[in-house]
Amino acid sequence: MRKYKTFYRVLGEMVAWLVDEGVTHVAMEATGVYWKPVFHALCEADPPIEVLLVNARHVKNVPGRKTDAKDAEWLAQLTECGLLRGSFIPPKEIAVVRELTRYRKKLIGTRTSELQRLAKVLEDGGIKIDSVASSLTTLSARDMVEALIAGERDPGVLAELARGRMRSKIPDLSLALAGRFGDHHGLLARMHLNHIDHLSTMIDGLDERIEQVTVPFAQQITLLQTIPGIGERAAQVIISEIGVDMSRFPTAAHLASWAGLCPGNNESAGKHKSGRTRKGNAEIRTILVEASWSAGRTSTYVGARFRRMHRRFGNNGGGKAAVAIAHTLIVIIWHVLNDEVAYRDLGADYFTRHDNTEAKKRRLIRELETLGCQVTIQPAA
């Protein structure tokens, strides 16, 4: 047993020692971001070493035997028996796209938080622009906030800064812009706006860079955009998370399971317990659930399936329906990327054309009962 520090040069010495000892397989747990230097050092071994990066939840040892040395022994035993399955590690070019898209998501979230802080400052000053305007990001709202920062306090003058369709709301704006906005509010608002502008510039720079690094995957991004609910940005995120080579996932079901978008199995003593989805890739789950809501507003097969599932789960079943459609989308994505073909929609009337009479009757009864009706069916005279 030897111990090494995790400096890059020292890790090189560790790899050389493993090669000298004739090691062919290495298993290691994924621990935050701290596995990356060790993993990359092992991948540079000559001759190559097969490295298995495993989920720590999948290799838990018996309680009471938790030490670093015993963990290493346990991993070695599991590897020797062939009981470990390595996590999906994207190729280098995909990993670059992944880091950029994830950071872009962080920055967009930070910008949203900063907009909320700006709204709080305006609310504290009695300014209720967002109660009249659709958002504080509109040009009219920005002009009014800038004027407030510059010292203008007359509600009538501020309301006259409205542009386009906002000018029809000048009477309401005059009421919304009358408050107790002070100099300290102006200072805070100025700082928030500067931060928002800085974040927007960073996001634009990331957008440009992501477009450059995704040029080799332009065909796959174009194919993915043929799927309802998936636009260019969603396609970029999907490529960054699962790559373009579907050989890593033997079937669409394997991909759905890896992403955590399939029902969980939880049966004991013949009783089926909660079937909630397992933990998977949070990034792909988030983007596909968002795409599901978008697809639900389209006149397509996916949209019809979303509305059908929504009715089935009831008024509060939109979240369940979105997850179910996310599963449908990831199955479609696997076939599109694996077969390299565009998505062909089955039509919004697919279920109408393929439902039999009894199924239509049952669905109609459920819809009427959802509306609070009591249904009784009698044969015609």
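Distance alone, capped at 3.5 Å, is enough to place a donor-acceptor pair between the Ser87 side chain and the Leu53 backbone.
Ile49 has its side chain out of reach of His25: every pair of non-hydrogen atoms, C-beta onward, lies at least 4.5 Å apart. Counting heavy atoms from C-beta outward, Leu84 and Val59 have side chains that approach closer than 4.5 Å. With a 4.5 Å cut-off on side-chain heavy atoms, Val132 and Leu175 do not count as touching. Ile94 has its side chain out of reach of Ile242: every pair of non-hydrogen atoms, C-beta onward, lies at least 4.5 Å apart. Annotation: side chain of Lys105 is in contact with side chain of Glu283 (closest heavy-atom distance under 4.5 Å). Between Met166 and Lys169 the shortest side-chain heavy-atom distance falls below 4.5 Å. Between Leu158 and Glu152, some side-chain heavy-atom pair lies under the 4.5 Å cut-off. Within the 4.5 Å cutoff, the side chain of Leu193 has heavy atoms near those of the Glu146 side chain.
Heavy-atom minimum distance, Arg248 versus Pro250: O-CD, 3.6 Å. The shortest heavy-atom contact between Ala41 and Val15 is O-CG2, 3.4 Å. Across all non-hydrogen atoms, the minimal contact from Ala291 to Leu329 is CB-CD1, 3.9 Å. When all heavy atoms of Ile170 and Ala162 are compared, the pair lying nearest together is CG1-CB, 4.5 Å. Smallest separation of non-hydrogen atoms from Val23 and Val26: CG1-CG2, 3.9 Å. Considering every non-hydrogen atom in both Leu11 and Thr6, the closest pair reads CD1-O, 3.7 Å.
Note on Val38 and Trp74: separate hydrophobic clusters, where clusters join Ile, Leu, Val, Met, Phe, Trp and Tyr whose side-chain heavy atoms are under 4.5 Å apart, directly or indirectly. Under the 4.5 Å side-chain heavy-atom criterion for ILVMFWY residues, a single connected hydrophobic cluster contains both Val96 and Phe217.
Within the structure, ring-ring contact (aromatic ring centres under 6.0 Å, His included) contacts touching residues 76-135 (residues at least two apart or in different chains) are Phe88-Phe249, Phe88-Trp258. Among pairs with a residue in residues 201-226, those fulfilling salt bridge (Lys or Arg N to Asp or Glu O under 4.0 Å) read Arg104-Asp207, Asp207-Arg233, at least two apart in sequence or across chains. Applying the salt bridge (Lys or Arg N to Asp or Glu O under 4.0 Å) test to residues at least two apart or on different chains, the pairs with a partner in residues 328-349 are Asp349-Arg353. Here salt bridge (Lys or Arg N to Asp or Glu O under 4.0 Å) pairs that include residues 77-100, with residues two or more places apart or in two chains, are Arg98-Glu241. Listed by first then second residue, pairs satisfying ring-ring contact (aromatic ring centres under 6.0 Å, His included) with a partner in residues 183-204 read Phe181-His185, not counting sequence neighbours. Sorted by first and then second residue, the ring-ring contact (aromatic ring centres under 6.0 Å, His included) pairs with a member in residues 121-165 form an empty list; sequence neighbours excluded. Applying the salt bridge (Lys or Arg N to Asp or Glu O under 4.0 Å) test to pairs two or more places apart or on separate chains, none has a residue in residues 32-47.
Annotation: ring-ring contact (aromatic ring centres under 6.0 Å, His included) contacts of Tyr343 (sequence neighbours excluded): none. Residues satisfying the side-chain hydrogen bond (donor to acceptor under 3.5 Å, both in side chains) criterion with Asp245, sequence neighbours excluded, are Ser247. Scored by the ring-ring contact (aromatic ring centres under 6.0 Å, His included) test, Trp293 finds Phe306 as partners (sequence neighbours excluded). Every side-chain hydrogen bond (donor to acceptor under 3.5 Å, both in side chains) that Asn194 has, sequence neighbours left out, goes to Arg190.
To the nearest 0.5 Å, atom NE2 of residue His327 and atom OG of residue Ser257 are 9.0 Å apart. Atom CG of Leu224 sits about 5.5 Å away from atom CD1 of Ile238, to the nearest 0.5 Å. Note: Asn281 CG to Leu255 CG = 9.5 Å, rounded to the nearest 0.5 Å. Atom-to-atom distance recorded for Arg366:CZ and Leu364:CG is 10.0 Å, nearest 0.5 angstrom. Taking OG1 from Thr101 and CD from Gln236, the interatomic distance works out to 8.0 Å, rounded to the nearest 0.5 Å.
Environment of CG in Asp20: crowded, with over 12 heavy atoms of neighbouring residues, nucleotides or ligands closer than 6.0 Å. Other residues, nucleotides and ligands place no more than 12 heavy atoms under 6.0 Å from the OH atom of Tyr34.
Here Met191 sits in one hydrophobic cluster together with Leu187; the rule is ILVMFWY side chains under 4.5 Å apart, joined directly or through other members.
By the 4.0 Å N-to-carboxylate-O rule, Arg111 lies too far from Glu114 to be salt-bridged with it.
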Open item on the list: Using side chain to side chain donor-acceptor pair (under 3.5 Å), reason through His254 and Thr251 one step at a time and then give a plain yes or no.
Closed with: CA-CA 5 Å; His254 284 78; Thr251 65; 2.6 Å; yes
TODO: Check step by step if side chain to side chain donor-acceptor pair (under 3.5 Å) holds for Arg305 and Thr328.
DONE: CA-CA 9 Å; Arg305 181 172 172 79; Thr328 301; 3.1 Å; yes
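With no hydrogens or angles considered, no side-chain donor-acceptor pair links Arg142 and Thr137 at under 3.5 Å. When only modelled atom types and interatomic distance are considered, Ser140 and Thr138 share no side-chain donor-acceptor pair under 3.5 Å.
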